[in-house]
Protein chains: 2
Amino acid sequence: MRNLLEIQKQLLPDLMETLKRRYTILHQIMLSDIIGRRTLAASLDMTERVLRAETDLLKSQGLIEIESVGMRISDAGRRLLDLLEPAAKSLFGLDELEEKIRSTYGLSKVIVVPGDCETSPFTKRELGRAGSKALLGVLRPDDIVAVTGGSTLAEMADQLTTLLPLSYKNAWFVPARGGLGESMEIQANTIASTMAKRVGANYRLLHVPDLLSEDAYQSLALDSNIGEIVNIIRSSRIIVHGIGEAFEMTRRRKLDESTVSEIQGEGAVAESFGYYFNEDGKIVHTMLRMGMRLEDIMRTEVVIGIAGGKGKATAIHAMLRFGQENILVTDEAAAQEIGRRIDMEVQSSL
Amino acid sequence: MRNLLEIQKQLLPDLMETLKRRYTILHQIMLSDIIGRRTLAASLDMTERVLRAETDLLKSQGLIEIESVGMRISDAGRRLLDLLEPAAKSLFGLDELEEKIRSTYGLSKVIVVPGDCETSPFTKRELGRAGSKALLGVLRPDDIVAVTGGSTLAEMADQLTTLLPLSYKNAWFVPARGGLGESMEIQANTIASTMAKRVGANYRLLHVPDLLSEDAYQSLALDSNIGEIVNIIRSSRIIVHGIGEAFEMTRRRKLDESTVSEIQGEGAVAESFGYYFNEDGKIVHTMLRMGMRLEDIMRTEVVIGIAGGKGKATAIHAMLRFGQENILVTDEAAAQEIGRRIDMEVQSSL
DNA sequence: AGTTCATGGTCTTAAAATGTCCCGGGTTAA
DNA sequence: TTAACCCGGGACATTTTAAGACCATGAACT
C-alpha cells in the first residue's frame with residue numbers, strides 16, 4: 001500500500017533515501033551475479049567504505065552471501081527484490097511515468113526500468129529482464145512470436161527464463177526479417193533460436209539477407225521453403241521488436257550514401273521492422289524485404305517494443321505516435337525524455 | 001499491505017527501530033495530553049537528550065506542538081497515529097501474539113495494546129481506549145450491554161467516545177451485578193451510567209449489594225422493580241467484564257477469613273461476574289448474588305473480557321479456558337505471558 | 001609463478017549523537 | 001502575591017559512530 005510509505009515518511013524523513021540506496025545495491029548485486037566491493041562502489045558511485053557498511057548490513061540480514069570471490073545475492077535477497085519491485089517503481093516515481101506514457105498513447109502496458117542503458121550495462125540487462133517478463137506475461141502455449149534483431153533483443157533473449165513449468169513446446173519463434181550484415185549474436189535469426197531454446201519452444205529461421213534487390217526478392221519469393229516460413233512469420237500473434245535510431249540503422253545496414261541522404265532528407269528518426277519513421281510516426285521510407293509487412297504488423301495482436309537510452313527517446317516517441325505498439329519496455333532515461341515531450345505537446349495544444 | 005512492512009524489516013532493520021521509538025514517543029505524548037520533556041523521558045526510560053532530538057524532529061514534521069507548558073500532539077500527529085496503528089501492531093510483533101491467542105482459544109478477536117498496565121498508567125488508558133473501540137465495533141443501536149466494575153472498566157468508560165453520529169438512544173447499559181463495597185468510581189453501576197451517557201444511551205441501575213445472604217436474596221427477588229432490572233440484565237446481548245485475580249477480589253469484597261481460605265483451598269485464581277475459576281477455567285466457587293447467572297452468560301452473544309498486567313495473566317488464562325469469551329482486550333505484558341503458557345501447553349502435549 | 005581482485009582488519013580523523021547542566025520564563029499552588 | 005516548580009531551549013564537554021585511507025592475506029585466473 002502506497003499509503004504506508006507516505007505515513008512512514010513523516011516519522012522517518014530519510015526512509016526513502018535509505019530504502020532506495022539499499023534496494024539499488026541489492027539490485028545491482030543481483031544483476032552482477034557476483035561482484036567485488038570496489039567494482040560495485042565504482043558502478044554505484046559510492047565510496048568503498050559506505051558501501052561496505054551497507055553490504056555488511058545486507059549480509060547480516062541474510063540477503064547476500066559474501067565469498068572470497070565477491071558478493072552474491074542469496075535466495076532470500078532475490079525473493080525480497082521480487083517483492084519490492086512494484087514498490088520500488090513508486091519509490092523512483094516510475095509508476096507515474098509509466099501511466100503517463102501508457103494513457104497518452106493508449107498502450108496496454110508500459111514498463112520503465114530504473115537507470116540509463118547508455119550509461120550502465122546493467123540497466124540494459126534489466127531492460128532485457130523486463131522485456132522477457134513482459135513477453136512471458138502475454139505468451140500462450142501455441143503462439144507464434146516474431147522477433148527482430150539488435151543488442152537489446154539479444155540481451156532480452158539471454159534473460160529469458162520460464163519460472164513456471166509451463167510448456168511452450170507448441171510455440172514458435174521466428175525472425176521478423178532476414179539477417180543484417182552484423183555480428184551473429186544480435187541477428188534476428190540468432191535471437192529467435194535462443195529465445196525458443198530458453199523456453200523450450202520451436203523455431204524457424206529465415207536465411208535471406210534483409211536488404212534485397214527487386215530481382216532477388218522475386219526469385220526468393222518463389223522458393224517454397226522460404227514461402228512457408230514467411231507465411232508463418234506473417235501469422236504471428238506476437239511481435240517483439242527493437243527500436244532503432246534511423247541514422248544509426250542506415251549505417252549498420254551499410255546502405256550506400258545516396259540512400260542514406262535520401263532517408264535523412266525524408267526526416268526519418270526511427271527504424272523498426274525495416275520501416276523508417278519520421279517524428280510524427282509516419283512511415284517515410286520502406287525497404288524492400290522479406291518477412292513482416294506493414295499490414296501484418298497492424299494485424300498482429302500484441303506488439304512489444306523494447307528500447308532504452310536517452311538517445312533513443314526520439315525514435316521511441318516516433319514509434320509510439322505510429323500507434324501500433326501495445327507494450328513498451330524502456331528505461332528511465334528514455335522515459336523521462338518522452339515524458340517531457342508529452343508535457344510540451346500538452347502545453348502547445350492549449 | 002502487510003507485505004511491505006515485512007520487507008522493510010529486512011531491508012531497514014535499523015530504521016524500524018527508530019520508527020518504533022518515534023511511534024512510542026508520539027503515542028505517549030498523545031496519551032498524556034500535554035507533557036514536559038523530562039517527565040516524558042523518565043516515563044519512556046530515555047535520557048533527556050535523545051528524547052529531545054526526537055521531539056525536535058517530531059516538531060519539525062508538524063506532528064507535535066511545543067508550548068511553554070510542554071508538548072502536545074497536533075492534529076496531523078493524531079491522524080498519523082491512527083493510520084499507523086495497525087502497522088505498529090505488526091512492528092511490535094503484537095499481531096502475531098493476537099492471532100496466537102485468538103486461534104488457540106477460538107475467540108473472534110483479540111486486541112493487545114503495547115506496554116504493561118501495572119507499570120504505566122498510560123497503558124491502562126490505552127487498554128481502555130482499545131476496549132471501547134472493541135465495544136463500539138460490535139454495538140448495535142438497540143443493544144443491551146451489561147458491564148462489571150473495576151478500575152479497568154472505569155478507564156474504558158472514560159475513554160468511550162462515539163466518533164460516528166450513530167444514535168444509540170435505544171440502547172441500554174446495565175450493571176452485571178450489584179455494588180461492591182468499593183469506591184464509587186469503579187462500581188458497575190457507575191460505569192454503566194458513565195458509558196450510557198457517553199454514547200447517548202439509556203441506563204438502569206441495580207441498587208443492591210453484590211454479596212447477599214440467602215434471606216436477603218429471597219426478599220429482594222420478590223421486589224418488582226429489582227425483578228424488572230434483573231430481567232433486563234439477563235437479556236443482554238453484550239457483556240463487558242473485567243477479570244480479577246481471585247485473592248485480590250476476596251479482599252476487595254471484604255469476605256470473612258473462612259470464606260477466603262475456602263476459596264483459596266479450591267484453587268481459585270480468577271474471578272469474574274461473581275464466579276471464581278481455577279487454573280483450568282472450571283468454576284470452583286459461586287457467590288450468591290443478583291444479576292447475571294452462568295446460564296445468562298452462556299447465552300450472551302458477545303462476551304468482551306478486558307484486563308491487563310503481567311500479574312493478571314494467570315487469571316486471564318483461566319477465563320480463556322472457561323471458554324465463554326468472544327473478544328479479549330489485554331496488554332502486551334499479560335499477552336506475552338499467556339503466549340508463553342500456550343507454548344508450554346503445546347510442548348507438554350507432544 | 002605472477003597478477004589481479006576479493007574480503008576483512010586497522011588506524012586516523014571528522015562529525016554526529018549524547019550526557020549534563022544551566023537559564024529565563026511561564027504556571028500553579030499556597 | 002509570592003514562591004516553588006517545571007517548562008523549553010541554549011551551551012558544551014564527551015562519547016560514540018561514520019567515513020576515509022591503507023594494508024594483509026588469500027583465492028582465482030592468466
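Chain identifiers are assigned alphabetically (A, B, ...) following the order of the sequence lines, protein sequences preceding nucleic acid strands; residue numbering begins at 1 within each chain.
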Using a strict threshold of under 4.0 Å (side-chain N to carboxylate O), is an ion pair present between A:E65 and A:K59? no

Please examine the side chains of B:E54 and B:V50, heavy atoms only from C-beta on, and report whether any two atoms are closer than 4.5 Å. no

Of all the nucleotides listed (D:dG20, C:dT18, C:dC5), which has the minimum atom distance to the side chain of B:R49? C:dT18

Would the distance check show the side chain of A:K312 and the main-chain N or O of A:I243 forming a donor-acceptor pair, the cut-off being under 3.5 Å? yes

Distance, rounded to the nearest Å, where B:D45 contributes CG and C:dG19 contributes P: 11 Å

Measure the distance from CD on B:E54 to C1' on C:dT18 and round it to the nearest whole Å. 12 Å

At under 4.0 Å between heavy atoms, what does A:E48 touch on the DNA or RNA strands: base, sugar-phosphate, or nothing? nothing

B:R37 atom CZ is separated from C:dG25 atom P, nearest whole Å, by 17 Å

When you check the side-chain N and O atoms of A:S151 and A:K124, is any donor under 3.5 Å from an acceptor? yes

Return the value, rounded to whole Å, for the distance between atom CD1 of B:I34 and atom P of D:dC7. 10 Å

Protein-nucleotide distance (B:E67, atom CD; C:dG25, atom C1'), rounded to Å: 15 Å

Please report, rounded to the nearest Å, how far the C1' atom of D:dC5 is from the CD1 atom of B:I35. 16 Å

Against the side chain of A:T39, the closest entry in C:dC5, C:dT7, D:dC7 is C:dC5

A:L51 CG - D:dA19 C1' separation (whole Å): 13 Å

Measure from the side chain of B:V69, starting at C-beta and using heavy atoms only, and say which of C:dT27, D:dG9, C:dT7 lies closest. C:dT27

Rounded to the nearest Å, what distance is computed from the CZ atom of residue A:R38 to the C1' atom of nucleotide D:dG20? 12 Å

Report yes or no: is there a donor-acceptor pair, N or O only, under 3.5 Å between the side chain of B:R52 and the base of D:dG10? yes

Considering only C:dG26, D:dG9, D:dA19, which nucleotide approaches the side chain of B:S68 most closely? C:dG26

Indicate, with a heavy-atom threshold strictly under 4.0 Å, whether B:L40 touches base, sugar-phosphate, or nothing. nothing

Taking atom types as modelled, find out whether B:Q8 and A:Q8 have a side-chain donor-acceptor pair closer than 3.5 angstrom. yes

